[in-house]
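One structure is given here, and the rest of the page talks about it.
So you know, we letter chains A, B, ... as the sequences are listed, proteins then strands, and number each from 1. Bear in mind the structure is a predicted one, so any value in this text is a computation, not a measurement.
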Amino acid sequence: MRYRVNVKDEIEQLIRESLQSAIRDGKLPDAELPFVKVEYPKDERFGDYATPIAMESARVLRKSPLEIGAILQEYVGKAPLVERVEVVKPGFINLFVSFDSLANNLSRVLAEGDGYGRTTRATPFRVNIEFVSANPTGPLNIVSARAAALGDSIANLYEATGATVDREFYVNDYGNQVTLLGRSVLCRYRELAGEAVAFPEDGYHGEYVKDIARHVREQHAAEVESLPDDEARIAYMAEKAVAYNVAGQREDLARFNVRFARWFSEKTLHESGAVERTSELLGARGVLREEEGKKLFVATAYGDEKDRVVVRDDGRPTYLLADIAYHRDKLERGYDRIIDVWGPDHHGYIARLAGAMTALGAPAGRFSILIAQQVNLIMEGEIVKMSKRLGQFSTMRELIDEIGVDVARYFFVMRSLESHLDFDLALAKRESSENPVFYLQYAHARICSIFREAEKRGVAYTPGAVDREPLQNREAVALLKLIARFPEEIVDAATQCEPHRIANYLLRFAQQYHRFYTEHRVISDDPVTTNTYLALCDAVRIVMRNGLRLLGVTAPERM
RNA sequence: GCGCCAGUAGCUCAGUCGGAUAGAGCAACAGCCUUCUAAGCUGUGGGUCACAGGUUCGAUUCCUGUCUGGCGCGCCA
């Protein structure tokens with residue numbers, strides 16, 4: 001096993017071993033068995049975990065699903081983890097987890113604290129995740145904000161499965177757009193000096209361009225004048241502008257609790273010769289062809305619509321070649337998994353880059369590209385256009401100012417990434433029950449309040465002294481089950497790159513806690529029950545805090 | 001024209017490699033605070049899973065086609 005066992009893995013293993021034992025004992029014929037699926041039944045009457053293995057293996061074992069189930073029942077039922085096993089109608093095997101194992105897990109949560117939910121790995125696992133990677137030509141927008149929330153949460157999830165994760169931002173500080181940015185700044189610079197200049201038609205019009213020009217004029221005017229010609233000045237302005245924009249992006253992201261291990265400059269790939277070497281390597285691998293003095297990557301061999309130019313007839317490399325060089329660099333750094341998070345406007349680009357990775361020898365499954373779909377901002381029922389000129393919520397910074405980091409981060413990960421996200425600003429701004437973020441945080445704050453009250457009343461709390469009897473009720477058991485599931489949810493969410501699962505899980509969890517709170521009084525005259533319920537609340541608080549932290553959301557002690 | 005994503009309750013969305021009577025939040029309606037936070041809880045109503053075929057013990061899920069919405073189809077980055 002890659003992961004230290006959680007309940008789900010343990011059950012899967014138990015069923016696999018039971019099948020093997022039954023075969024060894026001659027109760028089942030020896031055969032090639034399908035993968036053992038373990039799932040959460042929709043209805044709690046069907047148990048805590050269920051497997052359709054008896055139905056799926058019926059054909060190959062040449063017995064009816066019910067017969068197979070009856071045989072497995074004997075073996076599976078012996079495990080202490082399992083309270084009882086039922087074999088029902090079409091052939092499902094339903095397992096009920098024992099109360100003892102759930103209660104034991106409570107002590108584990110209290111002992112592990114902040115570490116609960118994390119799994120450890122027998123072997124090291126390294127992940128590289130590249131996200132946001134917005135052009136350094138202006139401030140970050142809302143799409144970048146979604147990518148930032150998603151990428152960082154996925155990174156957090158992987159770290160919680162014991163992986164080492166590098167968060168990376170690719171800075172496109174090379175090429176036409178950067179030159180154009182430099183020209184735009186130079187124009188504004190001249191305007192400040194009172195010169196009348198024609199602003200480039202396709203230039204960058206944002207206010208920030210003027211800010212940069214002003215900054216350069218105040219700090220570096222002498223240097224600018226000493227440059228030989230305008231070409232050199234444009235390059236100079238471009239460099240200053242990129243540095244300014246990247247610094248601004250870095251600041252916004254830090255405020256969003258997202259920190260990158262590395263800001264990888266595209267320019268360095270060109271300067272070091274890595275781009276050229278990549279072209280040679282592709283040629284040596286036989287995946288380039290020449291046409292009219294150009295070099296094309298044979299992307300059609302990897303499912304793309306057409307072959308793609310990587311070197312122009314004047315010898316200049318295209319963006320694609322630099323991107324391949326960049327990803328080759330990531331491959332050579334030896335990661336077990338390389339993940340890119342892209343915006344919706346780049347899906348047409350997937351085939352060629354993924355194809356290039358395959359051509360470079362990346363094993364299947366090592367490299368994956370996630371597309372975060374579009375974000376619509378909704379204001380009073382209307383879609384707010386995210387034009388940079390229109391709409392007051394065009395930048396990430398403005399969004400954070402408006403609704404706060406916690407709400408923004410939660411909203412961006414609460415839906416699956418491939419669904420188009422309707423971001424209701426009015427709802428996000430409302431500090432009420434309609435806003436799910438507050439619902440989760442409220443559960444945490446409520447528990448903190450109970451502990452404050454307990455301290456005020458001088459009630460002693462001993463985490464080690466948990467009595468089982470007070471936990472034998474519907475609400476407490478439901479909470480214990482969800483607490484036990486937390487580590488599994490993390491593993492699933494990480495490997496599938498689906499942080500929204502955690503958001504959904506925490507919502508169910510908070511709901512279950514609020515139910516418990518309504519039904520049971522934590523601080524009472526009975527010291528044993530009080531201590532046990534304090535321990536349960538403590539565990540809920542730990543799971544809630546750890547879960548929110550994975551999503552980059554804070555767990556307030558008061559609200 | 002081709003490609004990618006989506007279409008599930010009034011709204012926003014979950015639904016695990018194909019499983020059991022399709023779920024949640026919000027909105028609507030009816031209740032629950034002398035006691036640890038009512039930003040909470042309980043209950044009710046609400047569905048042709050876009051449509052038509054196919055695959056099989058079983059399809060919201062997989063395949064084919066049609067319709068609708070979004071996006072993309074540069075030797076820009």
Which value, in whole Å, describes the distance between the [atom1] atoms of nucleotides [N] and [M]?
N	M	atom1	result
U66(B)	G74(B)	P	24 Å
U8(B)	G43(B)	C1'	25 Å
G45(B)	G69(B)	P	36 Å

Main-chain N/O of Val309(A) paired with Thr318(A) side-chain donor or acceptor, under 3.5 Å: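 Yes, the answer is positive, given that a donor and an acceptor are paired below the 3.5 Å cut-off.
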
Taking only side-chain N and O atoms of [X], does any of them lie within less than 4.0 angstrom of OP1 or OP2 on [N]?
X	N	value
Tyr517(A)	A38(B)	yes
Arg446(A)	A38(B)	yes
His500(A)	G15(B)	yes

Closest-nucleotide 5' rank along RNA chain B - winner of Leu320(A) and Ala454(A):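 Checking each residue's closest nucleotide, the 5'-ward one belongs to Ala454(A).
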
Earlier contact from the 5' end, RNA chain B, for Ala445(A) and Lys42(A):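 Its nucleotide being nearer the 5' end, the pick is Lys42(A).
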
Touch class at under 4.0 angstrom, heavy-atom based, for Arg515(A) against every strand present: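 Sugar-phosphate, backbone atoms only, no base.
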
Sugar-phosphate, base or nothing in reach of Val310(A), heavy atoms under 4.0 Å: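 If one applies the 4.0 Å heavy-atom cut-off, Val310(A) turns out to touch nothing in the nucleic acid.
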
Base partner of C73(B), which must satisfy Watson-Crick or wobble distances under 3.5 Å: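 Its partner is G1(B) (Watson-Crick or G-U wobble, both distances under 3.5 Å).
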
C62(B): pairing nucleotide in any strand, Watson-Crick or G-U under 3.5 angstrom: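 Its partner is G54(B) (Watson-Crick or G-U wobble, both distances under 3.5 Å).
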
Tyr517(A) six-ring centre to Arg446(A) NZ/CZ under 6.0 Å and within 45° of normal: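 Positive - Arg446(A) is close enough to the ring of Tyr517(A) and near enough to its axis.
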
Gap separating the OH atom of Tyr439(A) from the CG atom of Leu507(A), nearest 0.5 angstrom: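 CG of Leu507(A) is found 6.5 Å from OH of Tyr439(A).
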
Atom pair CG (Leu506(A)) and CG (Leu551(A)), whose distance is rounded to the nearest 0.5 Å: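 With rounding to 0.5 Å, CG (Leu506(A)) is 6.0 Å from CG (Leu551(A)).
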
